[in-house]
Amino acid sequence: MTSTPYGAPRTSGRSALFGYAVLRANYNHNAPNYLDNFTGFVLDVLAQRHPEPVDEATVGQTVRETFGLTIPDRVAGLLLKRAVKERKAETVDRTHFSLSEKALAGVASLEASIAEFELKQAELLAKFLAFVRERHPQRLALVEDEPEAHLHAFIEHQAVPLLRRAVKGRRSEETDWEDLQGPDYLVAAFIATLVEGDAQTFSYVVDAVKGAILTGVLDIGPGDLRQNLRDLTIILDTPVLLKALGYQGEAQCRAVRQTLDLAHALGVTTTCFEHTEKEIDGVLESVVSVLRSRGKATNTLRAVDAHFLDSGSTPADIAVEQSGLRANLQRLGVRVVNRPEDYYTYGLDETALDDLLRDHLPGQKEVTRRYDVQSISAVHRLRRGSSPESFERCGYVFMTDNTGLVAASRRVDERHRWPMAMLDSDVAALLWVRGPAVAEDLPREQLLATVYSGMQPGGHLWLKYVEEIERLQQRGAVNDDEALVLRSRPEARRALMDVTLGEAESMDAESINTVVERVRESLEAPLRDVIDRTQSERDAALRSAQKAAAIAERQQAEAARHALTAEHVSDEVRSLRNRLAGAEEERREQSQRLRAQAQKRARLWSIAFLLFVGGALAIFGGLALLLPYLGAHWPAWIGIAGIVSGAVIFVLGAVRHVVGGSIKDWLKPMEERLAVRLERQARERMGLPREPS
């Protein structure tokens with residue numbers, strides 16, 4: 001641990017995995033110069049590691065130790081001189097550099113990025129070890145001591161092949177580039193699980209891949225990134241076009257198509273030779289026999305074979321693809337061209353190239369090698385026998401996925417300062433640094449293509465696997481149908497790689513039995529899932545039925561209770577109605593009685609009045625008749641009353657004579673009004689309404 005001027009301790013000796021992520025976080029594709037993206041590392045080293053003046057070699061070494069980034073000494077020196085020119089650093093004698101207090105104030109610290117990615121890297125390593133411990137506990141010792149080194153090696157050597165090796169033509173010397181094995185397979189399987197369920201951690205890996213691309217381009221010299229590429233033509237090899245056409249899986253297809261899209265956006269022309277189109281047609285024709293035998297007719301299962309087997313294609317589907325091949329290439333923006341005719345003007349030693357290919361690719365088919373020789377020879381003539389050391393000015397590049405072809409083409413003619421053939425991943429990297437904003441996901445797709453293709457069994461492993469399947473079939477350990485499944489199903493290939501980690505020497509009777517059991521389990525798993533799901537659905541339906549029955553029973557009891565309540569309420573309503581009807585009838589009868597009584601009383605009063613008047617007149621008249629002398633002594637009012645009474649009787653008699661009717665008839669209205677009044681008084685005394693309802 002060393003203390004820094006910023007006050008935070010820093011650990012030295014980090015791998016490039018960490019530095020790549022920091023570079024990606026601080027990368028600015030709009031910077032005036034590509035090198036400006038690396039200036040921050042140089043200044044950070046001066047600010048935190050070397051307060052005294054140091055030379056460019058020391059700075060370059062410290063950057064490698066601190067961040068794991070390999071910045072050549074000459075590049076470090078160039079960055080330091082640029083910093084001095086911009087007054088971000090000072091020089092003592094033009095060979096040693098330092099930061100003054102004034103310059104230190106203007107240096108942007110990388111501490112924030114460093115702290116962030118230290119946490120991310122620790123999380124990534126912990127998850128990687130947890131994955132291996134859970135999925136492959138017996139192989140934990142392979143990666144337990146240096147998990148970071150294995151992740152870094154995978155990114156640098158598999159996901160992002162180092163461009164400087166491709167350009168110098170040394171890649172095949174340093175690695176045979178076989179399929180993923182051992183720790184590399186564990187890393188690929190781990191990354192595949194991140195893709196499926198941990199997008200955040202996967203994004204950290206993608207950032208590291210992008211940083212690796214940027215560093216690789218720095219090492220070879222990016223050239224003039226602002227110069228357009230309209231004079232560049234990329235010629236595609238057969239395997240690359242098979243990927244672009246979707247014949248080697250979805251991940252491979254996306255990666256190549258994004259590269260083509262980026263190339264077109266940057267003005268690059270994409271073509272293929274006519275013999276390449278013919279070779280693709282031949283590859284498709286060879287798939288027909290594989291489909292008819294369901295994988296049994298082939299010893300080496302190619303990626304194109306696996307694709308059509310897994311998709312359930314038929315020979316008729318292959319015929320459709322063959323008939324539409326030219327149109328499909330044109331839709332990709334790839335124009336089919338003939339080879340140049342001026343062979344003798346810019347001749348290439350094709351015999352030497354053929355010998356080189358035999359050395360680098362001893363297992364290559366004769367017809368494939370002939371096509372490769374024709375392609376490299378054609379590129380040589382298109383370049384007129386030589387090329388400058390510049391990607392944007394080399395004119396033509398043959399893009400392939402064949403590392404042996406790349407190395408052989410570099411050695412066959414030294415007049416080409418830029419390689420005639422490059423790997424598709426390297427071309428994609430050089431294009432991406434010129435337009436990262438145009439194809440932001442290209443490094444991600446390149447990584448996925450490497451992961452998924454590398455998880456398929458290699459040729460040597462597959463041959464041993466097929467031989468073991470045949471022996472098991474002969475012994476009766478597996479039947480014909482199971483043997484067919486073990487040869488043709490993707491579950492079998494995944495199980496094979498999972499058990500052997502891609503190592504052919506791990507293939508034996510025990511491992512093949514393990515593969516067989518895993519394949520059986522994987523194929524039975526969907527059926528078990530269906531059975532379990534059906535059982536769960538049946539149980540759920542039974543529980544639902546029981547619940548529904550209980551609910552129905554409760555509802556029935558509730559309905560019965562409601563019915564009883566309703567019946568009781570109906571009885572109550574009927575009883576109440578009857579009582580109301582009786583009360584109404586009683587009120588009517590009472591009203592009738594009151595009215596009858598009132599009418600009777602009014603009649604009695606009328607009669608009494610008449611009797612009183614008539615009696616008074618009778619008595620008066622009788623006394624006046626019988627005792628005349630009494631009249632002399634009566635008061636005057638008696639006489640007046642008699643006169644009035646007589647007048648009334650006279651008038652009534654006259655009216656009766658003229659109008660008709662009797663006194664009773666004339667008294668009847670008075671009786672009725674009197675009866676109404678009497679009835680009201682009676683109702684008030686009884687607490688009833690004054691008027692009957």
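Note that the numbering runs from 1 along the sequence shown for the chain.
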Please report the interatomic distance [atom1]([X]) to [atom2]([Y]), rounded to the nearest 0.5 Å.
| X | Y | atom1 | atom2 | answer |
| --- | --- | --- | --- | --- |
| L442 | R257 | CG | CZ | 14.5 Å |
| D305 | Y247 | CG | OH | 13.5 Å |
| I213 | Q446 | CD1 | CD | 7.0 Å |
| K243 | R254 | NZ | CZ | 14.0 Å |
| L245 | L284 | CG | CG | 8.0 Å |
| K127 | F190 | NZ | CZ | 7.5 Å |

Close side-chain approach of [X] and [Y], heavy atoms under 4.5 Å:
| X | Y | result |
| --- | --- | --- |
| V209 | Y20 | no |
| F154 | V451 | yes |
| Q456 | R493 | yes |
| V519 | R489 | no |
| F131 | I191 | no |
| L501 | R139 | yes |
| H150 | L142 | no |

Between [X] and [Y], what is the shortest heavy-atom contact and its length?
| X | Y | answer |
| --- | --- | --- |
| I155 | A208 | CD1-CB, 3.9 Å |
| E482 | A477 | OE1-O, 4.3 Å |
| V478 | I469 | CG2-O, 4.3 Å |
| P457 | L496 | CB-CD2, 3.8 Å |
| L486 | Y465 | O-OH, 2.7 Å |
| A492 | V515 | O-CG1, 4.2 Å |

Is [X] atom [atom1] crowded by more than 12 heavy atoms from other residues, nucleotides or ligands, each under 6.0 Å away?
| X | atom1 | result |
| --- | --- | --- |
| E585 | CD | yes |
| Q556 | CD | no |
| Q322 | CD | yes |

### Message
The test is side chain to side chain contact (heavy atoms under 4.5 Å, CB included); show your working for T201 and F128 and say whether it passes.
### Response
CA-CA 10 Å; T201 305; F128 175 48; over 6 Å; no
Ignoring hydrogens and geometry, is there a side-chain-to-backbone donor-acceptor pair from [X] to [Y] under 3.5 Å?
| X | Y | value |
| --- | --- | --- |
| D498 | R494 | no |
| N513 | E510 | no |
| E196 | T193 | no |

Could you check whether [Y] and [X], counting side-chain N and O atoms only, form a donor-acceptor pair closer than 3.5 Å?
| X | Y | value |
| --- | --- | --- |
| S453 | Q252 | yes |
| Y204 | E123 | no |
| R579 | S575 | yes |

### Task
Give the intermediate values and the outcome of side chain to side chain contact (heavy atoms under 4.5 Å, CB included) for residues N328 and E321.
CA-CA 9 Å; N328 290 335; E321 295 296 331; 3.7 Å; yes
### Query
In terms of ring plane angle, is the pair H136 and Y185 parallel, tilted or perpendicular, where the classes change at 30° and 60°?
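H136 vs Y185 ring planes: perpendicular.
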### R135/L186 under side chain to side chain contact (heavy atoms under 4.5 Å, CB included): CA gap, chis, key distance, verdict
CA-CA 9 Å; R135 303 285 184 88; L186 293 175; over 6 Å; no
### Query
Does the pair F202 and R444 meet the rule for a side chain to side chain contact (heavy atoms under 4.5 Å, CB included), with working shown?
CA-CA 9 Å; F202 178 64; R444 177 184 185 274; 3.5 Å; yes
